[in-house]
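The block underneath contains the structure these notes are about, expressed in structure tokens.
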Amino acid sequence: QVQLVESGGGLVQAGGSLRLSCAASGSISRFNTMGWYRQAPGKQRELVATKTSGGSTTYADSVKGRFAISRDNGKNTVYLQMNSLKPEDTAVYSCAADRTWGGTWRYWGQGTQVTVSS
């Protein structure tokens, strides 16, 4: 079983930056797709970004141009660089691994809180 542990969350002022890390207990190179989700209070969970082993990325419209997902297969770690943060980015951010053909994910981290103050 693969465990995913997020870190890097915290409190930041609007306009600031954070880099989230997701460390996996095993190899992530075998997972074609890694992703980041977020869930804000009163809102549904939202797919923020994905990245495939081949380098393809996707981003939610709300974060495009501000966030960047990257992966270091050698360190078994996925990152989410978040720049120009806005209060509406406040949420619990979770990483996910190994997206299935049905659109679900096999592995999830527990999440890390990101709070952006105005």
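- Judged purely by atom type and a 3.5 angstrom limit, R66 uses its side chain to pair as donor or acceptor with the backbone of S62.
- Side-chain atoms of T58 and T50 form a donor-acceptor pair, as typed in the model, at a separation below 3.5 Å.
- The shortest side-chain heavy-atom distance between R71 and S53 falls under the 4.5 Å cut-off.
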- [ ] Might you work through the side chain to side chain contact (heavy atoms under 4.5 Å, CB included) test for Q1 and Y107, ending with a clear yes or no?
- [x] CA-CA 9 Å; Q1 294 292 310; Y107 306 104; 3.8 Å; yes
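- Taking OG1 of T33 as the start and CD1 of I28 as the end, the distance is 11.5 Å to the nearest 0.5 Å.
- With a 4.5 Å cut-off on side-chain heavy atoms, V78 and C95 do not count as touching.
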TODO: Could you walk me through whether F67 and W36 pass ring pair (Phe, Tyr, Trp, His ring centres under 6.0 Å), step by step?
DONE: CA-CA 11 Å; F67 290 11; W36 285 94; 10.0 Å; no
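- In plain terms, the two heavy atoms of L47 and A60 that are nearest each other are O-CB, 3.5 Å.
- Panel note: side chain E6, backbone G111; a donor-acceptor pair is recorded below 3.5 Å.
- With a 4.5 Å cut-off on side-chain heavy atoms, L80 and Y93 count as touching.
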TODO: Could you give me the CA-CA distance, side-chain angles and deciding distance for Y37 and W108, then say whether side-chain hydrogen bond (donor to acceptor under 3.5 Å, both in side chains) is met?
DONE: CA-CA 10 Å; Y37 280 81; W108 290 86; over 6 Å; no
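- A40 and T90 make their closest contact through CB-O, 3.4 Å (heavy atoms, listed as atom of the first residue, atom of the second, distance).
- A salt bridge links D89 and R38; the closest N-O separation between the charged side-chain nitrogens and carboxylate oxygens is under 4.0 Å.
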Open item on the list: As a quick check of understanding, evaluate side chain to side chain contact (heavy atoms under 4.5 Å, CB included) for M34 and R99, giving each step before the final call.
Closed with: CA-CA 7 Å; M34 302 290 297; R99 186 168 60 190; over 6 Å; no
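- Of all heavy-atom pairs spanning G8 and L18, the tightest one is O-CD2, 3.8 Å.
- The nearest pair of heavy atoms linking G9 to L20 is N-CD2, 3.6 Å.
- Judged by distance alone, the side chains of S17 and N83 do bring a donor and an acceptor atom under 3.5 Å apart.
- Between V2 and A24 the shortest heavy-atom distance is CG1-CB, 4.3 Å.
- Listed for the N73 side chain is no donor-acceptor partner under 3.5 Å among the backbone atoms of N76.
- By the 4.5 Å heavy-atom criterion applied to side chains, W105 and T100 are not counted as neighbours.
- Heavy-atom neighbours of Q110 CD from other residues, nucleotides or ligands within 6.0 Å: at or below the threshold of 12.
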